[in-house]
Structure formats: structure tokens, C-alpha cells
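In what follows, every chain begins at residue 1, and chains take the letters A, B, ... in the order their sequences are listed.
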Amino acid sequence: MRLHEYEALDIFEQVGIPVPRRGVAGAMHEALQVAGEIGYPVMLKAQVLVGGRGLAGGIKTASTPDELKEVAEGLLSSEIKGMPVRKILVCEKAEIAKELYVGITVDGYSGKPVIVVSTEGGVRIEETAKASPEKIASIHIEPSFGYYPYQARTLLRMLGLKQQLITSWTDVIGKLYNIALRYEALISEINPLVVLPNGGLLAVDAVLEVDDSALSRVRFALPDRVDRIENPLERRGREIGVTYVDLEGDIGLISSGAGLGMASMDIIGERMKPANFLETGGGITADLLYRCMELIMMKPDLRAVFINVYGGINPIHEGAKGVVRYIQEHNVKIPIVAKALGNRQEETWEIFRSAGVHVVTEAATEKAIDRLYELVGGN
Amino acid sequence: MRLHEYEALDIFEQVGIPVPRRGVAGAMHEALQVAGEIGYPVMLKAQVLVGGRGLAGGIKTASTPDELKEVAEGLLSSEIKGMPVRKILVCEKAEIAKELYVGITVDGYSGKPVIVVSTEGGVRIEETAKASPEKIASIHIEPSFGYYPYQARTLLRMLGLKQQLITSWTDVIGKLYNIALRYEALISEINPLVVLPNGGLLAVDAVLEVDDSALSRVRFALPDRVDRIENPLERRGREIGVTYVDLEGDIGLISSGAGLGMASMDIIGERMKPANFLETGGGITADLLYRCMELIMMKPDLRAVFINVYGGINPIHEGAKGVVRYIQEHNVKIPIVAKALGNRQEETWEIFRSAGVHVVTEAATEKAIDRLYELVGGN
Amino acid sequence: MSILIDDSTRVIVQGITGRIGSTQTHWMLEYGTKVVGGVTPGKGGSTVEGVPVFDSVKEAVQETGANASVFFVPAAFVLDAFLETIDAGVKLIVVVPEHIPVKDVVKMRSYANEKGVFALGPTTPGILVPGKGKMGIMPASLFAPGRVGIISRSGTLSYEFAGILSESNVGQSTVVGMGADPVVLRNLADILELFQEDEGTDGVIVVGEVGGEQEEKAAGFIARKMTKPVAAYIAGRHSPQGKRMGHAGAIVRGTTGTVDGKQEALRAAGVEVLQSPIHVAEWAKKHNLR
Amino acid sequence: MSILIDDSTRVIVQGITGRIGSTQTHWMLEYGTKVVGGVTPGKGGSTVEGVPVFDSVKEAVQETGANASVFFVPAAFVLDAFLETIDAGVKLIVVVPEHIPVKDVVKMRSYANEKGVFALGPTTPGILVPGKGKMGIMPASLFAPGRVGIISRSGTLSYEFAGILSESNVGQSTVVGMGADPVVLRNLADILELFQEDEGTDGVIVVGEVGGEQEEKAAGFIARKMTKPVAAYIAGRHSPQGKRMGHAGAIVRGTTGTVDGKQEALRAAGVEVLQSPIHVAEWAKKHNLR
């Protein structure tokens with residue numbers, strides 16, 4: 001679960017990382033009030049959970065109340081990469097002597113936490129990483145050993161910094177690492193970590209993504225996870241315990257397994273457009289698939305539905321019963337193609353066929369999608 | 001710092017260890033009220049920071065309000081091993097099917113945390129440990145690996161217990177281990193851990209001793225450490241940053257180093273009685289020794305003072321100045337013997353002698369105490 | 001021949017008394033797997049599908065001579081059970097459950113490496129050797145004995161590839177699910193190495209997906225060490241950038257981890273990159289694999 | 001001859017720019033110790049007593065060829081500095097500071113053992129080889145060269161014993177403070193072993209105190225392995241039971257750790273138990289030690 005910048009800044013502040021004076025505003029008059037307290041000029045930052053927000057026009061400056069009114073109004077009525085801006089962060093505009101970068105993540109390949117730092121922070125950090133790898137340094141932390149400040153000092157010394165900056169930056173890294181541990185963060189990042197003209201540091205942005213699998217044991221007050229899903233269908237997916245991604249097309253898709261779902265989408269995408277991506281996970285029941293059908297059918301103008309499931313850990317014959325009940329109760333007319341293989345496959349096929357579902361018994365998903373393509377009229 | 005039982009029980013309860021219904025009372029009417037809420041019979045337990053409290057009469061039962069009045073009054077006006085009873089814990093009297101023991105400490109020899117369990121808990125646990133070692137089991141925890149529940153399950157299985165008890169006991173051990181970690185406890189102990197007739201567990205006593213050296217980083221709300229020192233002179237010692245132990249004799253003792261202090265006390269004890277034991281630690285200044293003199297002289301009827309210090313890490317010439325200033329300002333008449341060797345010893349001797357301090361320049365403390373013995377008239 | 005599972009493999013099922021644990025024990029036994037015991041603390045002394053249940057892994061190993069374990073333990077208890085299993089001397093562990101915190105996986109991996117234990121998962125369908133046995137949840141009907149190895153980051157896509165091959169009369173030597181999480185207990189290259197060394201395997205299929213850098217790193221290994229033909233399929237070409245596709249392993253982070261980047265790296269290592277699973281049949285035919 | 005410190009020992013002082021660090025550097029240099037550098041992060045480039053100061057241990061080791069380190073670092077930073085020092089390849093570390101949390105000492109000891117580093121302390125006066133050099137705070141005037149080894153749990157009592165011996169014209173080969181904390185970085189027996197092996201040592205004095213079980217455990221080692229005469233003194237006979245005598249190492253826990261118990265164990269191992277420090281002179285004379 002990714003936290004909003006303003007939420008992450010509060011957490012960073014609690015452990016003593018220096019952060020800007022700031023306030024969150026959901027309306028223009030709130031923004032005016034916050035800016036009045038802070039003093040002009042201020043930064044206005046759209047609180048949306050997408051990357052590349054700055055380059056997409058989500059970060060602005062205002063030097064006067066009049067300017068703020070105009071900018072705040074613009075932001076609060078805009079969308080960034082399709083996400084409506086419901087809140088903006090109003091914060092002091094720091095004088096920037098230099099922009100640094102520090103991020104902590106878990107390196108999937110080595111299986112260890114990794115601390116990444118750079119003397120060239122800012123919106124183009126990824127380009128810097130490619131163009132000037134010498135400006136990036138990183139260190140892996142041995143899980144059984146843990147993090148100690150001397151590791152950060154060693155890392156920063158590699159970048160050829162002065163001791164004063166090494167000392168204050170090491171302090172920030174230690175605090176960020178504690179946050180990463182306590183919140184079981186997959187990503188904790190400050191970009192930019194600003195060096196002020198007086199040599200002090202200021203975390204001008206804050207990224208914190210908590211491991212969804214650890215949410216139940218991160219005992220700290222975290223905002224509710226469902227609420228932050230903007231799309232109502234995706235929110236509904238989370239509620240019923242499946243992964244739902246809303247897309248632009250008109251072919252509904254239910255799959256068991258993310259890989260199979262992605263492959264199905266790739267094959268559909270060659271000739272048609274998927275309307276959504278619903279991945280059931282390993283907990284299929286009749287009731288769950290009934291709700292899955294309900295969810296994908298909420299998309300208007302669906303031309304067909306493709307169900308692609310395997311009976312490994314999942315009782316697909318149970319799932320089929322739920323689909324059939326939905327079809328019968330709602331008198332579904334659009335074509336439904338199902339590929340269902342594995343344990344109890346014959347029983348499953350029979351149940352599907354009883355409600356007019358087109359069952360494909362061949363192994364390749366490609367074949368099932370060929371059938372789907374025929375059924376929607378080949379366009 | 002050792003916590004009172006009622007303080008430790010609160011901490012145990014916070015993490016979910018089952019503890020009795022209870023309340024603390026500083027006066028008889030409070031005890032009556034708590035007992036009324038809990039229901040009779042109740043246990044009354046003197047809250048004093050000494051071991052062997054039960055065998056010394058500090059734990060009683062009351063079955064009626066009248067009985068409680070008598071017992072509470074008796075306890076609240078008593079002393080246990082010289083410690084006045086200021087508070088009593090009133091708690092439910094659990095039905096006991098069995099008494100277990102669980103304790104976590106750091107084993108000094110192996111340098112590792114150790115979990116000790118026994119199926120024969122209760123006041124005589126130490127005798128059990130000697131007489132029936134097969135009823136005790138323990139396991140060391142590797143510092144770089146940490147504690148996991150399977151270790152406790154393995155440990156408890158060694159005692160030949162039923163799985164239900166293994167499961168609930170393992171749960172208590174895990175919670176106690178978390179407390180030991182979070183509070184940096186040198187000892188965390190439940191004795192007895194009572195098995196109730198219904199098979200449930202109840203922590204009927206709670207011991208928690210926090211590492212003094214870690215107090216500044218144990219961020220949790222801990223009661224103030226100075227307040228719990230009953231003896232006003234010992235409390236004053238803590239305030240000025242030295243270790244002071246109040247004793248019954250009439251020879252004042254200041255030493256630098258605990259070992260040297262103990263050896264001095266041992267030698268004094270052969271012929272005389274020390275009045276106190278003051279160990280300066282490694283931070284001697286003129287001012288500190290002035291305060292040390294002030295502190296040991298608070299004891300009435302002192303016959304002499306022995307100062308035994310080494311100039312290794314300590315500037316003993318500075319210390320001597322503080323002693324001399326005290327003598328001169330307070331016109332001290334009793335004999336003071338000083339043995340002061342090491343860096344800048346000659347300078348130190350000169351300062352001491354300027355105020356009439358008897359300086360012994362031989363290496364053996366025994367010789368200095370011979371001199372002391374002569375000066376107090378050999379009795 | 002096969003990798004990881006052979007005639008000497010004696011399997012215990014951890015969490016055997018649960019709904020999934022008992023059902024899958026049934027399927028594993030039916031497939032001929034030597035399931036010799038199960039573990040659920042507190043259920044020792046009972047049996048599931050005729051298999052004895054023990055309170056601890058240590059007892060199970062002592063009583064049954066087990067040397068391998070498959071996990072159907074609730075996610076919150078996996079770390080503890082995993083460490084217990086290693087301490088009991090088990091050398092092959094398959095961790096089927098999903099939703100295990102990454103912090104736990106990091107610890108598990110570190111300890112398994114330290115103790116020389118081969119572990120797969122989390123979120124893996126397990127290992128299946130056609131006609132011999134299986135540890136995990138792979139549905140047996142889709143597999144056929146033969147000489148092609150499959151390694152897949154996705155559970156269901158491993159079934160898809162095995163199904164397509166079997167339909168074309170191409171069998172599999174061993175099918176391995178490496179797990180779909182951002183951190184897995186063994187990297188792709190470790191499993192490729194086993195296939196390269198296995199005399200019963202003539203070619204290998206790598207089924208990857210968008211996200212992470214397993215395929216890119218494996219490409220280096222393939223270029224340096226693999227002499228057998230390798231085909232690869234990478235799912236996720238049409239997945240929206242930056243959106244989650246069901247598990248964190250499928251998040252695209254920067255340019256590393258894109259489908260294009262992975263395909264390019266694999267092609268450079270001499271791997272045949274398949275655009276759709278169905279093309280695997282032709283590839284097998286081209287290399288005379290059966 | 002000596003243990004731990006010899007002609008090849010090149011010492012750095014960590015926390016050299018502090019009040020105690022700089023004073024003690026002065027005394028160590030004056031005593032002839034090869035102090036080749038100091039470390040205080042942020043003070044690199046300066047000098048203390050003519051010794052160059054570095055920002056990191058790694059730099060100090062690289063620039064000076066140091067192989068030993070003595071700590072005057074504030075207690076809160078000792079753990080971090082200790083791990084850094086081990087990673088920089090230093091093989092002998094003396095930790096002088098007191099009040100280091102036990103949790104930190106446990107971690108330090110575990111890592112030092114893993115990496116084969118010999119470390120003493122915390123709360124130790126250090127090591128002194130009379131006439132050669134010293135790492136720590138022992139006041140030089142009390143020591144004289146000779147062939148008796150001293151190991152002490154208490155700092156000041158080690159001075160007391162050395163002083164009494166020197167006065168009686170008995171010198172010391174090496175004087176070692178093992179540290180007074182409940183957990184120390186090396187146990188008593190480890191240091192006894194070095195003295196047993198040292199050709200320059202003819203007899204050893206163990207200065208113990210009430211609490212813990214170092215002396216009891218060392219008695220086992222002495223009985224099995226020591227051929228040189230050993231004398232012991234245990235402080236704390238008149239210390240009130242259960243009261244703290246300044247450091248937790250001196251708490252009496254149950255019957256283990258009493259003065260009587262320790263004396264008995266040592267006597268049973270053939271050790272001569274001294275009732276007062278002053279008797280050490282007679283013991284040395286009896287064994288012709290000088």
C-alpha cells in the first residue's frame with residue numbers, strides 16, 4: 001500500500017527527519033489558510049498516487065495569494081495521469097543549494113534490503129542512474145546482521161562528500177531505515193533530499209509503500225487501504241478479495257493466477273481490447289466467482305467474457321457453479337468463453353455448458369481466444 | 001532498574017500475557033475498594049524490591065473485608081528485609097492446578113539470551129533447579145538469529161508436556177521475549193505461571209529488570225528511577241552520579257572502582273565495620289569528590305574516612321582538591337586516610353597532606369587500613 | 001531423470017490438517033508421491049489420507065526419514081515453520097502459500113542459504129516430475145513424461161505450457177514453479193543450472209513475466225553456461241505500466257523489468273523468445289524435443 | 001615476552017579527540033606504545049599529540065597499517081564503531097568505556113567471534129605490557145617488567161596487585177583487564193589460555209569478584225589445562241547480598257556467584273586462594289616468581 005506524500009511526511013517527521021512546514025488542503029480556502037500560516041512563496045503539490053507527478057504538471061509554485069488561488073483551483077480540478085486530484089499539499093518553498101536522493105528497497109535478486117543514494121536527486125534520478133552511474137552508490141544490508149550507521153558513512157564517503165554532510169545524511173538514512181523496518185516498507189524514499197544554503201537537510205518529498213502482506217502486523221496507525229483506491233470497481237475488487245484492474249476495452253477477463261491473466265490479456269490485446277483484468281487468487285468458491293461475474297459485468301458495453309482458470313489449488317467445479325448461477329439469475333446474453341483445465345475439469349465443463357458457456361478444452365489459451373474472436377464477430 | 005510487580009504486570013498485560021484482576025493500594029481503604037471490585041478471596045502482596053518476599057511474610061490472603069482490614073494494615077505498617085511496605089497489590093486469588101516457571105535473562109558466560117522454563121514453579125524454584133535439574137529446561141538464543149516460537153515448542157516438548165499447554169505456554173514465552181527485547185531487560189520472569197483448572201494460564205507474578213545502561217533508549221514510559229530508591233543517601237548517590245550503598249558501620253569509604261571498593265570493604269570488615277560504600281566511577285572531578293565527601297559525612301557517628309583511588313582514567317589530583325575543600329569548609333575532625341596511586345600521585349599526596357589527610361603511599365590497601373585501624377584506636 | 005525430486009524423495013506436508021493441505025495430500029499421494037508424514041502442531045497422533053501427523057518437524061523427520069517438505073501453512077506462521085524445518089535437517093522445501101511478508105522471505109532466504117537448503121516459493125505451485133511425483137498443487141492431468149524442463153514464475157502459466165507440450169506429445173522432465181513474489185527463495189539461474197546438469201533434460205522453457213530482474217540476470221547465466229536450447233515467454237506486454245497485476249513481482253520499476261528489456265536480454269543470450277505460449281510446440285519440434 | 005601486545009602491535013585510538021581519548025593517548029605514547037593514528041568521524045585531517053586523526057577506521061588502517069584499536073568512544077556509539085572496526089580488519093580491540101547496554105555487548109561479542117577478533121571489555125582498563133606498551137588507562141607507574149601474568153575483572157584491583165608485586169620486586173609479563181560487565185567480550189578462560197601458552201609468563205593471578213560464573217568456569221579450564229601456578233583473589237566477601245556494588249557484574253544471583261562458591265571451585269582446581277591482595281607477594285616468593 002502506497003501512502004500519500006502528506007501521510008508519509010507525517011511519519012518521517014515523527015522519527016525526526018527534517019521536513020518542510022506544510023498543510024493539506026482539499027479546497028482552495030484551505031490552501032489559502034495554510035499558505036498564510038507558512039508564508040509565501042509556497043509549493044503546491046497534487047496528492048495522487050502516481051509516479052512522475054512533477055513532470056506531469058502536478059507541482060506548482062505560488063508567490064502571492066492571488067497566484068495561489070489560480071494555481072490551487074487549477075490543480076484541484078485537474079487529473080494527473082487519469083487520477084483526480086482531491087487534495088493538495090501546501091508547503092514552504094525551500095531554498096535549494098543541492099538535491100540529493102536516498103531510497104531504501106528490497107532487492108529482489110539478492111533478497112536483501114538495499115540503500116541507494118545519489119548526489120543528483122530530483123525528478124530525473126532514473127536518467128542519472130543510467131547516464132552517470134558514478135553519481136549513484138548503494139549498499140546491501142545482510143538480513144542477519146542489520147543496519148548500522150557506519151555502513152551509511154562508508155557509502156557516502158564513496159561519493160566523495162564532506163564530513164558535515166556525511167554526518168547529517170547518515171542520520172537521515174538511519175531514521176529512514178528504521179521506518180522501512182517498522183512499517184515493513186517495500187519502498188521508502190526521499191527525492192529530493194534538499195541541502196539548504198545553511199548546510200542543513202530537508203526531506204522535500206516522501207515515498208512510503210508498505211508491504212500489503214505485512215499490513216496486519218504493522219501495528220501503527222495506517223490510513224485505511226480500501227479508501228485510497230480511486231476506481232470504484234477496483235475498490236470493490238479489494239473488498240471481495242481479488243485483484244481487479246480497470247481497463248479501457250470491452251472484453252471481460254477472469255483468470256486464476258496473475259501470469260495466466262497477463263498472458264490472456266496479451267493474447268486478447270493482439271486483436272481486441274480487454275475491459276478489465278480480474279485475478280481470483282487461490283481462494284475460488286462458487287460464491288467468489290458469482291461476485292467476480294457481478295464485478296466484471298459492471299463495465300458497460302461488454303461484448304464478451306473470457307474465463308481462464310486452472311484446477312490446481314482451486315476447486316474450479318465450485319467456481320463454475322457460481323458463474324452459472326450468475327448467468328441464470330441475470331439472464332446474461334453476451335458470449336462467455338471458458339477454458340478450465342486441471343483437477344475435476346470434466347465436471348467443470350459440464351457445469352459451464354449447462355448455462356451455455358462456450359467451453360474450450362484445448363491447452364492453449366490462444367485457441368480459446370480464437371473462439372472468443374469468432375463469437376464477437378471477428379472485430 | 002527493577003520494576004515493581006504491579007508495574008511489570010501492567011506491561012505484561014499490554015502485550016497480551018494473561019494477568020490477574022488487580023489494583024494497587026497505598027492505604028487500607030483503597031485495598032478494601034479494590035477487593036470489593038475483584039471479589040473475595042484476594043491476595044495481598046507487599047510491593048518491595050527484594051527477593052524472597054513470599055517466604056518473608058510479604059504475601060497474604062484475605063477472605064472477608066474484616067480479614068483484609070487486618071492483613072492490609074499489618075502489611076502496610078511492616079518492613080520486608082528492611083524495606084518499608086508503601087504499597088500493596090490486591091489481586092484475585094486464582095485456583096491453582098499447577099505452577100510453572102519461565103524466565104529470560106542474558107547468560108553472562110555464553111553472552112547470549114537464555115530462556116529458562118520449569119514445570120515446578122513457585123517460591124522454591126532455585127532449590128528445584130539444584131535438586132531436580134530434569135524439571136528445568138533452557139535454550140540459548142543466537143543473537144544474530146533471534147527468537148522464534150518453534151524454539152520454545154522444542155524446549156517445552158523436552159519437558160514432556162501436552163500440546164495444549166505447549167501451545168499456550170509458547171504464546172506466553174513469545175510475548176515475554178518481546179518484552180525482554182523492547183525493554184532491554186536483564187531479567188524478565190513469571191514465577192509462578194499458574195495453570196488454571198480450565199487449562200488456561202495466568203501470570204501471577206511479574207519480574208522485570210531493565211538494563212540501567214539502556215534506560216535512555218528504552219523509549220517507553222518507565223517510572224522514574226530515582227524515586228524508587230528508598231534510602232535517601234542512596235538516592236542522593238544516584239543524583240550525583242556515583243554508586244552509594246548504605247551500611248551499618250562507622251567507617252566511611254570512597255573508592256574509584258567497584259572491585260577496589262569491595263576489596264577495601266572486605267579488609268575493613270575484618271576488624272571494623274564500613275558505614276557505606278561509595279564508588280566514584282570514572283568521572284572524578286574536584287566538585288564530584290566534594291559532593292562525595294558531603295554524602296558519606298551525612299552518616300552520623302562516623303569514626304574515620306578511607307579514600308582509596310587510582311589515577312588511571314581519573315584525575316586524582318583534582319579529586320584531592322575537592323576532598324580538601326570539603327575538609328576545610330566543614331572543619332572535619334575525624335581522621336581521613338587516603339591511598340592514591342597512579343598518574344600524578346605525588347601532586348595528589350601533597351594536596352591531601354595540606355589538609356591533614358593521612359596519606360599512605362604503599363601499594364597494598366591492607367597497609368592503609370592498618371593505619372586507619374591505628375588512628376581509630378584499634379577497636 | 002529429473003531435478004529436485006527423485007526416487008529417494010520422502011515428503012512431509014506441513015499444515016496437512018488444513019483444508020488445502022489435506023486435499024493436496026490426496027492429489028500428491030494419488031500421483032505416486034512418497035508422502036510419508038504431515039505436521040500440524042497440536043494434531044500429532046492423528047492421520048490424514050492415511051498419513052501420520054506429528055506435532056513437530058523434528059519428530060516427523062525422525063519417525064519417517066523425510067528429506068523434503070511442502071508447505072500449506074498459513075502465511076503468518078510460515079517463517080517460524082520454515083526455520084523449524086531447516087533445523088530439523090530437511091534439505092528441500094517448497095513454500096506454496098502466498099501473501100508472506102517480504103521481510104519474512106528475506107530472513108528465510110538468508111537462513112536457507114546459510115544452511116545449504118534448496119527452497120522454492122513463496123507463491124509457487126511447486127515441483128512436478130511427470131509420472132513420478134509432485135510437491136505442491138500442480139494439476140497432474142496436464143503433464144506427461146519427457147525431456148523438456150519448465151521453470152515458471154507464474155503457477156498457472158506453467159500448467160499452460162506443460163498442457164500445450166503434452167497435447168503435442170512433448171513430455172516434461174521436471175516442471176518447477178519458482179514463485180511469484182518480489183523476493184523468492186531461489187533465483188531463476190539456480191534452477192537453470194540444475195536443468196543444464198540433468199541428463200534427463202534436453203531443453204528448457206523459461207516462463208517469466210514483467211517486473212523484477214530475474215530474466216535479465218538469468219540471461220547472463222544462459223550465455224555463459226547453458227548448452228541446451230532455451231525458449232522463453234514473458235507475460236505482461238499489455239499490462240498497464242505501474243499498475244499491479246495481482247502480485248508485487250509484476251510491478252514495473254523503471255526500465256529494468258520491462259517485457260522488451262527482458263526479451264532483448266534473453267535473445268542476446270541465444271534464447272528463442274516466444275510471442276505466445278502456443279508457439280512452444282513448434283520450438284520443441286524444431287529442436288526434436290520429446 | 002607478553003600476550004596480546006608485542007612489537008608488531010600498531011594501535012589506533014577511537015574517540016581520540018575526546019577529553020579522555022586525548023589524555024590517554026598522551027600516556028600511552030609516553031609509555032612507548034606505537035599509537036599510529038586516531039579516529040573521530042568529522043575530525044579527519046587533524047592531529048592529537050602528533051598522531052594523525054581519520055574520519056573512518058578503514059582509512060586509519062589503510063594509512064597507518066594499524067592492527068589494534070582502543071576505544072574511548074561514548075557508550076551510545078560503541079556498537080557501531082566496534083562493527084566498523086571489525087569490518088576494517090582490526091584483530092584486537094580494547095573497549096574501555098562503561099555503561100554499554102548489554103544488548104549491544106551481546107551483538108558485539110557474537111560478531112567478534114564470527115570474525116575471529118580478540119576483544120576485551122567493556123569497562124576494562126585494557127592491557128599493559130610493562131616497559132613495552134599499553135592499550136587503555138592503566139597508570140604506568142605501578143607496573144614493572146617480569147614474569148607474572150595478571151587477569152582482573154576489576155580495573156583498579158589489577159593496579160593494586162601489580163603495585164604490590166612491583167613493590168616486592170616481582171614484575172609482570174602482561175596485565176589484562178577482562179572487563180567488569182555482566183557480559184564481556186572474552187571469558188576468563190580464553191585469557192588464561194594465552195598466559196598458559198606464553199613463554200614469558202611463569203605464573204598467573206586471577207582477580208575476580210562476587211557475581212557471575214567466570215571464575216567457576218575458569219576453574220574447569222585450570223584443572224584441565226594449566227600447568228603454571230595460579231593464585232586467585234575474589235573481592236566481595238563483605239558485600240551485602242543482592243545489593244549492587246557499582247556494576248551489574250557484581251550482583252549475586254542465587255548461590256552461583258558467591259565468594260565461597262568461587263573460592264571452593266578454584267581451590268578444587270589447585271589454585272591458591274588469597275584472602276587479601278597483600279598475600280600475593282608471599283605467593284610469588286613461594287613459587288620463585290619474579
If one checks every heavy atom of B:Pro274 against chain D at 4.5 Å, the contacting part turns out to be neither
Counting heavy-atom pairs under 4.5 angstrom with chain D, the leader among B:Lys112, B:Lys339, B:Gln345, B:Glu142 is B:Lys339
Answer key: most heavy-atom pairs under 4.5 Å with chain D among B:Ser110, B:Ser264, B:Gly282, B:Pro315 is B:Ser110
- Item | Exam field: side chain B:Glu234 to backbone B:Val245, donor-acceptor pair closer than 3.5 Å | no
### Query
Does B:Lys273 come within less than 4.0 Å of B:Glu248, counting only side-chain N to carboxylate O?
no
Under 4.5 Å to a heavy atom of chain B? For D:Tyr233 that would be side chain
Whatever's closer than 4.5 Å to a heavy atom in chain B on D:Asn113 counts as neither
So, the part of B:Asp266 with a heavy atom under 4.5 Å from chain D: the answer is both
Whatever's closer than 4.5 Å to a heavy atom in chain D on B:Ile313 counts as both
Looking only at D:Ala189, D:Pro101, D:Ser141, the option with the highest number of non-hydrogen pairs under 4.5 Å against chain B is D:Pro101
* Asked: With a 4.0 Å cut-off, would you call B:Asp370 and B:Arg271 a salt bridge?
  -> yes
So, the part of D:Glu167 with a heavy atom under 4.5 Å from chain B: the answer is side chain
Okay, D:Ala140 and chain B: the region with an atom under 4.5 Å from a heavy atom over there is backbone
- Is D:Asp87 paired with D:Lys115 through a side-chain N to carboxylate O contact shorter than 4.0 Å? no
Check whether B:Asp212 reaches the backbone of B:Met1 with its side chain - one donor and one acceptor, N or O, closer than 3.5 Å.
yes
*asked:* Regarding B:Ser255 and B:Asn308, do their side chains bring together a donor and an acceptor under 3.5 Å, going by distance alone?
replied: no
Carboxylate-amine/guanidinium contact D:Glu215 D:Arg153, below 4.0 Å = yes
inquiry  = Can you see whether B:Glu366 engages D:Ser276 through a side-chain donor-acceptor pair at a distance of less than 3.5 angstrom?
reply    = yes
Applying a strict 4.5 Å limit to non-hydrogen atoms, the region of D:Ile100 in contact with chain B is backbone
Under 4.5 Å to a heavy atom of chain B? For D:Pro125 that would be neither
### Task
Answer with yes or no whether the side chains of D:Asn187 and D:Arg109 bring together a donor and an acceptor at under 3.5 Å.
yes
Okay, D:Val96 and chain B: the region with an atom under 4.5 Å from a heavy atom over there is side chain
Comparing D:Lys217, D:Met138, D:Arg237, D:Lys107 against chain B, the one with the most heavy-atom pairs below 4.5 Å turns out to be D:Lys217
Whatever's closer than 4.5 Å to a heavy atom in chain B on D:Leu185 counts as neither
Whatever's closer than 4.5 Å to a heavy atom in chain D on B:Leu278 counts as neither
TODO: State plainly whether the residues B:Arg217 and B:Glu184 are in salt-bridge range, i.e. N to O under 4.0 Å.
DONE: yes
In terms of heavy-atom pairs under 4.5 Å with chain B, the winner among D:Asp104, D:Leu165, D:Val280 is D:Asp104
- prompt: For residues B:Tyr109 and D:Glu216, is any side-chain donor paired with an opposing acceptor at under 3.5 Å?
  reply: no
Applying a strict 4.5 Å limit to non-hydrogen atoms, the region of B:Glu362 in contact with chain D is both
